[in-house]
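Worksheet: one structure, shown below.
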Amino acid sequence: MRTQTTSYFARLFAGDLSAFGGPATDEAVAGHIRAEQMSLVLGYSVGIMLANACNAVVLAIALWQSPDRIPALIWAVVVAGAAIAFGLQSRAARRITKPQFVSRRAIHRLVRNAFVLGTAWGIVPVAFFANASTGGQLVITCLCSGMLAGGALAFATIPIAAIAFTAPIFVGIAICLGRNGDLAFLLIAFLVVVYGSVLLRGVFVNSFAFARRVMRQIEAERTVRQDPLTQLPNRVAFSETLDAALKRLALSGEEFAVLLLDLDRFKEVNDQFGHPAGDEFLVQVASRLQRCTRAAEHVARIGGDEFALLMANLARPEDALEIAERFVAAFTKPFQIEGRQFVGATSVGIVLAPRDGGAALDIMKNADTALYRAKKAGPGTVCFFEASDDRSSRERKALQSDLAGAVGRNELFLAFQPFLDLDANRITGFEALLRWQHPSRGLVPPSEFIPIAEETGLIHEIGEWVIRRACATLADWPEDIRVAVNFSAAQFHNTSILQTIVQALADAKVAPHRLEIEITESMLLSKYGSAASILNALLELGITVALDDFGTGFSSLTYLRKLPFSRIKIDQSFIRDVLVQPDCAAIVKSVVSLARDLRIGVVAEGVETADQLEYLRQIGCDEVQGYLISRPVPADGVMALLETKKLRATFAA
């Protein structure tokens, strides 16, 4: 019972209309209603406070001949001064962008201030009416009546504040008129009660209608500002919140932080379990993230698997870091998706305003840059934006811009590294390696520009160019030489890739079996779902498919059993230590034996010494590749390499 009573009074003094029988709301909606109520009060407050100051001056003049002149003057000075000060404060508050959420504590302060002001006016009839002249009494009556009406107007949407303001005035009038005993005064008291009741009833009716109107407005805006899947604010709502925070920053210096999150394994959920499971994953993620924030703050979903949070009124950077670490910790518990457990992760980039930017575009750009560095560092990483990030981002964007025209400017070229057949002691093919000769930067490493190409979608244009150039070059080589082309995950799942390959082979008049497509285990780890159909289609065309970097993934044997590979390539990390690490030697020997049993060709990468070559020959490896055989050569050096008899003699048994 005591708990219910406490809860009722908490709702009552927070301005919750359900305490008066009005519409019930959750805290988020109630906070928005309070924001609208507070905005209206601030709109009236400047005029009301000026009226208070004028009324106080009028009262002092009316009581100038009264025995209570000095107390009245002191009262007038205090009330007028307080009214002017509060009016100036309200005017400054109105210049700041209206908040989207107002706490219960703010309404508590408003009710308290309303009660103090109402009590100040409630004192007037009790203290000054009896000794005032007839004219003074008339002024007091008019002023008290006017304050009752003004209070009802100012707090027309907040019944508890209207009651807090008008109740002391009612009590003061009742005490004053009640002790006089004159019938006329009793009639006036009766009229005050009647008019007061009408005013309060109007306050309740207006406040209920106002709350319902705001609730309907919120519901209507949700369709525009709410993500339909997760029920979180969307990009539109987040942009509005960011704009409002920037206005408060300009007007009052209120600092804030923006946290940008990206799910590290969302695509894996989509690819392995399907889009409905991906949607369920996002819903669960949204619920966990929202529980990590303060009541007045809302995580927004601003993209497919991107979320953002704006922390207003930031006291110190550590507060933003604390929330970010909560976000990361929220992923430690596995997600239950379609009856299976899935471990997710998120990376977080943080920017601080105004330190890291004073415009929305700069803030989001820098947040994205900080997030990019966090993702590169690994899942579950939190990074603040740093000045060096901006330089790296500009350099990266410049590289991206240059890469967009690299094909048209003929800056890309292919280098070819040979495969050596250990049984026949001859070169059987070449791996096509993409290179970029930048006009000012020089030779740009593939490790720098390939990720940019994949992220921006340029990989499709570049990949098509590589296929066509490799096939055109292959046309000039002997019929028994093949070319291997590396494919990225983005290329592999491009719906037009098969058509591109067929067209490239036809244009170059090259037999399909001379083209080999290399894909990596790391790619298959997250893209396994649709790989089989594409690989089978390639094999039906007569193209061979190789599994690159074998041994660096997690499910190699599953791939070999279910997917139609023609050849596997042992990663160079095993070959490098094959003669000094027994475990590497055992792995390499086992892979060669397994490939022989499965009737799959095997290539050893990264062969750099004659001893490594001899060991691989002894255990039955089919082909080798590495600097010992040859470094990558340009297209015009391939024929010379094929014709070098010294090469064959060097690697003879």
Can you tell me if [X] uses its side chain to pair, donor with acceptor, with the backbone of [Y] under 3.5 Å?
X: W75; Y: W121; result: no
X: T166; Y: A162; result: yes
X: R248; Y: E254; result: no
X: R326; Y: L289; result: no
X: D362; Y: G358; result: no

N-O pairing of R301 and E306 below 4.0 Å: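 No, no charged N to carboxylate O under 4.0 Å.
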
Ionic contact status for D319 with R316, cut-off 4.0 Å: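 Looking at D319 together with R316, the answer is yes, because their closest N to O distance falls below 4.0 Å.
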
I want to check something: taking the side chain as every heavy atom from C-beta on, are [X] and [Y] in contact at a cut-off of under 4.5 Å?
X: F165; Y: V111; answer: no
X: V348; Y: F384; answer: no
X: I462; Y: L403; answer: yes
X: L263; Y: F307; answer: yes
X: M364; Y: L260; answer: yes
X: E255; Y: L352; answer: no
X: Q226; Y: P233; answer: no
X: F86; Y: N52; answer: no

No-hydrogen, no-angle side-chain donor-acceptor test under 3.5 Å, T293 and Q290: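 Indeed, the side chains of T293 and Q290 share at least one donor-acceptor pair under 3.5 Å.
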
Pair S239, R235: side-chain N/O donor-acceptor within cut-off below 3.5 Å: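 Judged by distance alone, the side chains do not pair up.
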
Once you round to the nearest 0.5 Å, how far does [atom1] of [X] lie from [atom2] of [Y]?
X: L259; Y: I323; atom1: CG; atom2: CD1; result: 8.0 Å
X: N234; Y: L229; atom1: CG; atom2: CG; result: 12.0 Å
X: F238; Y: I302; atom1: CZ; atom2: CD1; result: 6.0 Å
X: Q217; Y: I33; atom1: CD; atom2: CD1; result: 10.5 Å
X: I84; Y: L50; atom1: CD1; atom2: CG; result: 7.5 Å
X: M147; Y: L153; atom1: CE; atom2: CG; result: 11.0 Å

Derivation of the side-chain hydrogen bond (donor to acceptor under 3.5 Å, both in side chains) call for T369 and R373: CA-CA 6 Å; T369 301; R373 182 160 55 88; over 6 Å; no

Aromatic F385 / basic R355 pairing, under 6.0 angstrom, 45° off normal: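 No; the conditions do not both hold, so R355 does not lie above the ring face of F385.
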
Any idea which heavy atoms bring [X] and [Y] closest together, and the distance?
X: L310; Y: T241; answer: CD1-O, 4.0 Å
X: A320; Y: L314; answer: N-CD1, 4.1 Å
X: R441; Y: A398; answer: NH2-CB, 3.9 Å
X: R291; Y: S287; answer: NH1-OG, 2.8 Å
X: A56; Y: A76; answer: O-CB, 3.3 Å
X: F327; Y: T346; answer: O-CG2, 4.0 Å

Residue pair L246, I363: steps toward the side chain to side chain contact (heavy atoms under 4.5 Å, CB included) verdict: CA-CA 10 Å; L246 287 169; I363 287 173; 3.7 Å; yes

For S347, the option from D264, D262, T381 that meets side-chain hydrogen bond (donor to acceptor under 3.5 Å, both in side chains):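 That would be D264; it is the only one of D264, D262, T381 passing the side-chain hydrogen bond (donor to acceptor under 3.5 Å, both in side chains) with S347.
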
Derivation of the side chain to side chain contact (heavy atoms under 4.5 Å, CB included) call for I107 and M38: CA-CA 8 Å; I107 298 296; M38 189 69 76; 3.9 Å; yes

Audit row: F155, I163, side chain to side chain contact (heavy atoms under 4.5 Å, CB included) steps and yes/no: CA-CA 9 Å; F155 303 115; I163 293 172; over 6 Å; no

Criterion side chain to side chain contact (heavy atoms under 4.5 Å, CB included) on I452 and L399, from CA distance to verdict: CA-CA 8 Å; I452 295 176; L399 201 63; 3.7 Å; yes

Residue pair T157, N206: steps toward the side-chain hydrogen bond (donor to acceptor under 3.5 Å, both in side chains) verdict: CA-CA 6 Å; T157 59; N206 181 72; 5.7 Å; no

Parallel, tilted or perpendicular: ring planes of F281 versus F335, cut at 30 and 60 degrees: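 The rings of F281 and F335 stand perpendicular, inter-plane angle above 60°.
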
